[in-house]
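Below you'll find the structure, written out as structure tokens, and then a few comments.
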2 protein chains.
Amino acid sequence: MSNLDQARVASRSTETTRAALIKAATSVFAEYGYGGGSVRLITQRAMANQAAVNYHFGGKDGLYREVLMAATRAFEENAFLDAEELDSLSPEDALRRYLHQFLLPLVKRDRVSRFLRIFAWESVQPSEVFSAFIANSPPRIFHLAEGVVRRFLPQDASAETVTFATLWLAQQPMFFVRDAERLAQPPFSLKFDEDALERLVDTLAGLSLRGLARV
Amino acid sequence: MSNLDQARVASRSTETTRAALIKAATSVFAEYGYGGGSVRLITQRAMANQAAVNYHFGGKDGLYREVLMAATRAFEENAFLDAEELDSLSPEDALRRYLHQFLLPLVKRDRVSRFLRIFAWESVQPSEVFSAFIANSPPRIFHLAEGVVRRFLPQDASAETVTFATLWLAQQPMFFVRDAERLAQPPFSLKFDEDALERLVDTLAGLSLRGLARV
DNA sequence: TTCCGCTTCAAACGCGCGTTTGAATTTCAA
DNA sequence: TTGAAATTCAAACGCGCGTTTGAAGCGGAA
């Protein structure tokens, strides 16, 4: 008992530091990606010592794994988008819902949006940590695009075609999420408020559904 | 005259070193991007001294500018794809030609393919050097996607719509070019020979033209 | 109060990076 | 051949990175 109590109480301050580090790491990695985010910046934002990362998580990679686990948990707790919910919609509405949810980080800066930004980074330059992470427990979020695409493709579509189309669809919102800041500046000067988000969803959904020929 | 001769002859060996550095830098930056490519690797491949980069180009950024200038020159000398050639084709064929040319690096490893890979890197993480470079002399290559897209969009399409659609189209081949190596491994295991390239062009052109609804 | 594990802390380590340095070497006009 | 300019070279510099170190601080048990 005494051991347990001590562990419990001691872990109170431990949990405070751990939570602060995970929160700071989430925002830093969302901003700069895993490779671009530094331990020094993370500990600075968490108001913790640099060595705390190694003490509590064994290193930068361990902290990142913790962030990825939190992200997976958030997505699987239906905090984001559920495959069953998509199935209940028409294919067209499922596509629009998919695009809308993945483009949300353009206008919201909440926890889930930061997780999405991290995934957007990993979609263009996967870290070894991430690759190993999804190899062990592939997150459901990756099946969403395939699920949406499959409802449009014929049953006998080749696996290669399905892969092409899935990658094609998944990339579309990722690009805008990842590069939102850059697109806000010249020569593009795209400002994303909620109306612009709806127009972007409309445009992307139209392009995805009917292609250029019908825009 | 004597000064000129001296400069000319001296520049013979100079040009040898410069050319070797530019060639090595092109392949290194194509493989790892500007930030990921190191001066040490470049000089090693060029069999030159590390200090040569600073001596001849003033630094890593100056060398990169030289590579970008060579790329711009290659593209403007019709070594790649000409806007007028695209205009001479039907919109559908122009789109297919655009996609085909931008996907060529998947099967070819020539000079132009390396330039395209560099552009693919810059499309996701623009370096300051690149941003400054295109600010001074925007390369024609960037107008190609807009030119293709515009022929499908109605005349009165808003500037925002044109931008959305242009970015959307430009991203599609970039993704496959940039991540070819990763896509070759599980879980995707995509092998790109010339046949696969044609199928990818078909798929992307179909998706771009008619969307998911008609695949 | 004393002691002992847990946690924090400032400092330093080792590494790779782009760059600088100053001497050695090469080049070529005079 | 000579001397000055251009070029090459090995070595080192300064910086930021992730990580390690060992002492200091802290809190609860005896």
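This is a predicted model, so every value here is computed, not measured. Any value given below was found using the heavy atoms of this structure, including those in side chains, with hydrogens, waters and symmetry copies removed. A, B, ... follow the sequence lines: proteins, then strands. Residue 1 opens every chain.
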**Request:** Using heavy atoms and a sub-4.0 Å distance, could you list which residues of residues 55-68 of chain B are near DNA chain C? By number, please.
**Result:** B:Gly59, B:Lys60

**Prompt:** What does B:Gly37 touch in the nucleic acid at a heavy-atom separation under 4.0 angstrom: a base, only the sugar-phosphate, or nothing?
**Reply:** sugar-phosphate

Just the atom pairs and distances: protein N or O near nucleotides 23-26 of chain C's N or O, under 3.5 Å.
none

**Message:** Regarding C:dG18, can its base be found pairing with the side chain of B:Arg40 as donor and acceptor, where the two atoms are less than 3.5 Å apart?
**Reply:** yes

**Request:** Sorted by first residue and then second, give each salt bridge (charged side-chain N to carboxylate O under 4.0 Å, His left out) pair with at least one member in residues 23-40 of chain B; sequence neighbours left out.
**Result:** B:Glu31-B:Arg45

**Fill in**
Residue set satisfying side chain to side chain contact (heavy atoms under 4.5 Å, CB included) with A:Asp87, at least two apart, ordered chain then number -> A:Arg151

If you restrict it to nitrogen or oxygen atoms, what contacts under 3.5 Å exist between nucleotides 9-11 of chain D and the protein, and what is each distance?
{"from": "D:dA10", "atom 1": "N7", "to": "B:Asn49", "atom 2": "ND2", "distance (Å)": "3.3"}

**Complete:** With sequence neighbours left out, the residues meeting side chain to side chain contact (heavy atoms under 4.5 Å, CB included) with A:Gln101 are A:Phe80, A:Leu81, A:Arg97, A:Leu104

Atom pairs and distances, donor-acceptor, side-chain atoms in residues 48-60 of chain B, under 3.5 Å, two or more places apart:
{"from": "B:Asn49", "atom 1": "OD1", "to": "B:Ala51", "atom 2": "N", "distance (Å)": "2.8"}
{"from": "B:Lys60", "atom 1": "NZ", "to": "B:Tyr34", "atom 2": "O", "distance (Å)": "2.9"}
{"from": "B:Lys60", "atom 1": "NZ", "to": "B:Gly37", "atom 2": "O", "distance (Å)": "2.8"}

**Set of side chain to side chain contact (heavy atoms under 4.5 Å, CB included) partners for A:Ala19, sequence neighbours left out** = none

**Complete:** Of the candidates C:dT8, D:dT8, C:dT20, the side chain of B:Asn54 sits closest to C:dT20

**Message:** Restricting to side chain to side chain contact (heavy atoms under 4.5 Å, CB included), what partner residues turn up for A:Ala71, sequence neighbours left out?
**Reply:** A:Phe75, A:Phe115, A:Phe119

Contacts under 3.5 angstrom, residues 126-133 of chain B side chains, donor-acceptor by atom type, not counting sequence neighbours:
{"from": "B:Ser127", "atom 1": "OG", "to": "B:Glu122", "atom 2": "OE2", "distance (Å)": "2.9"}
{"from": "B:Ser127", "atom 1": "OG", "to": "B:Phe130", "atom 2": "N", "distance (Å)": "3.1"}
{"from": "B:Ser131", "atom 1": "OG", "to": "B:Ser127", "atom 2": "O", "distance (Å)": "3.1"}

**Request:** Enumerate the residue pairs fulfilling salt bridge (charged side-chain N to carboxylate O under 4.0 Å, His left out) with a member in residues 170-191 of chain A, sequence neighbours excluded, ordered by first and then second residue.
**Result:** A:Asp179-A:Arg182

**Message:** Using the side chain to side chain donor-acceptor pair (under 3.5 Å) criterion, which residues pair with A:Arg199? Sequence neighbours excluded.
**Reply:** B:Glu160

